[in-house]
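Report on one structure; see the data block that follows.
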Amino acid sequence: MRSYEEAFSPYWHPVAFSQELKDRPLAARLLGRELVVWRTASGVAVTQRYCAHRGADLCAGEVSAEGLRCAFHGWTYGRDGRCVHVPSQPGAPLPPNAALASYSATERYGLIWVCLAPEPAAPLPEWPELETGKVATVALPRLDWDVSAGRMMEIVLDVTHLSWVHKGTFGNPEQQEVPAYEVERTASGVRAQISYPALAPPLDGAPPKVDRTSLTYEVTFPFAVRLTFKPSLFFPHTVYAIASPWSEEKMQCFYFSSYHPALRHFPDIFVKSELAILEQDRLIAEAQRPRAHPLDFAGEVHVKADRLPIEYRRGVIALRLGRPVDGPTPG
Ligand code: FES
Ligand SMILES: [Fe+2]
């Protein structure tokens, strides 16, 4: 069994929204590592957070044309993490080990993604609709929860909890039975579609109306999901949730939605309602034990309605064991 860090280091994980990274270096954390992120002329740079000289916090440093300059003694590091300048001894050879660990970084979908391993094991999720210029997006503040990335994904994929946890937001307590649904294995994850009689929020004191909604879940292993909502009353929209693991027991989730740009009121409605919905999830998820995403099916009991989170977990366990997840569709 590989360690959690070893298993998930070769995947791309978001560490910040692009708009958070301006001209100051930004702190980030991923799989137990403390990182600093900054912009260079040739793209985003990501290195270890603490200076190779005396361990100063490089987030307090400054970004210059040469690279990232430490606030303590001015050592400057290039995008590849190598020290390019030691001001106390100009002209002298640079100490050969004056370097920071550096990592691959890329920007896409309004996020900064980092891969800690030399070679990524899989590409970024494929969400081409976000790059057509035809949709607008609205993001929530990062969700900073004491929940493992796998548990977070499983609560998003849990079709049964809608009627229980989301009472008072969109959950319909009358709909307790989960009709049978299919789960399909895709090249990069799993996919399922359900139809759910959501309750539309009550307006002006009127009783809530049933809003028959088609939900399509598309997972990209290990921790990203695209969730397409096609309601009959509310606006169609697509939610993207990517859990970024800080450790085996904690994650931050980057959560945003795309929508038709003509829907000018959508962002306000979405942010308000989604924060209420996610708070319902957080209370359940942070209290689950064990906190770490289970590595087998033995310690918990499973029923047919859990099929989507089960197939998701099966894939994550395969990654943890270093096995391919694109085997035959599980029976
Ligand atoms: S600690 Fe960074 S330059 Fe000395
Ligand atoms: Fe939920």
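Every value quoted in this text rests on a predicted model; they were computed, and no experiment measured them. Start at 1 and go down the list; that is how both ligands and their atoms are numbered.
Not counting sequence neighbours, Y255 has no partner by the ring pair (Phe, Tyr, Trp, His ring centres under 6.0 Å) test.
Within 6.0 Å of CD on E286 lie more than 12 heavy atoms contributed by other residues, nucleotides or ligands.
Listing protein N, O or S atoms at distances below 2.8 Å from the Fe ion (ligand 2), with waters left out, gives H161 NE2, H166 NE2, D281 OD1, D281 OD2.
Within the protein, the number of N, O or S atoms lying under 2.8 Å from atom 4 (Fe) of ligand 1 is 2.
The six-membered or imidazole ring of F297 lies near that of H302, with a centre-to-centre distance under 6.0 Å. Aromatic rings from F17 and F254 are positioned such that their centres are separated by under 6.0 Å.
Using bins of under 30°, 30° to 60° and over 60° for the plane-to-plane angle, the ring pair Y77/W75 lands in the tilted bin. In this structure, H237 and F229 have parallel ring planes: the angle between them is below the 30° cut-off, well short of the 60° mark.
A side chain to side chain donor-acceptor pair (under 3.5 Å) check over residues 58-74, counting only residues at least two apart or in different chains, returns the pairs H53-H73, E62-R69.
The main-chain N or O of D296 is found under 3.5 Å from a side-chain atom of R313 such that the two form a donor-acceptor pair.
Under the 3.5 Å distance criterion, with hydrogens and angles disregarded, a donor-acceptor pair is assigned to the side chains of E107 and S18.
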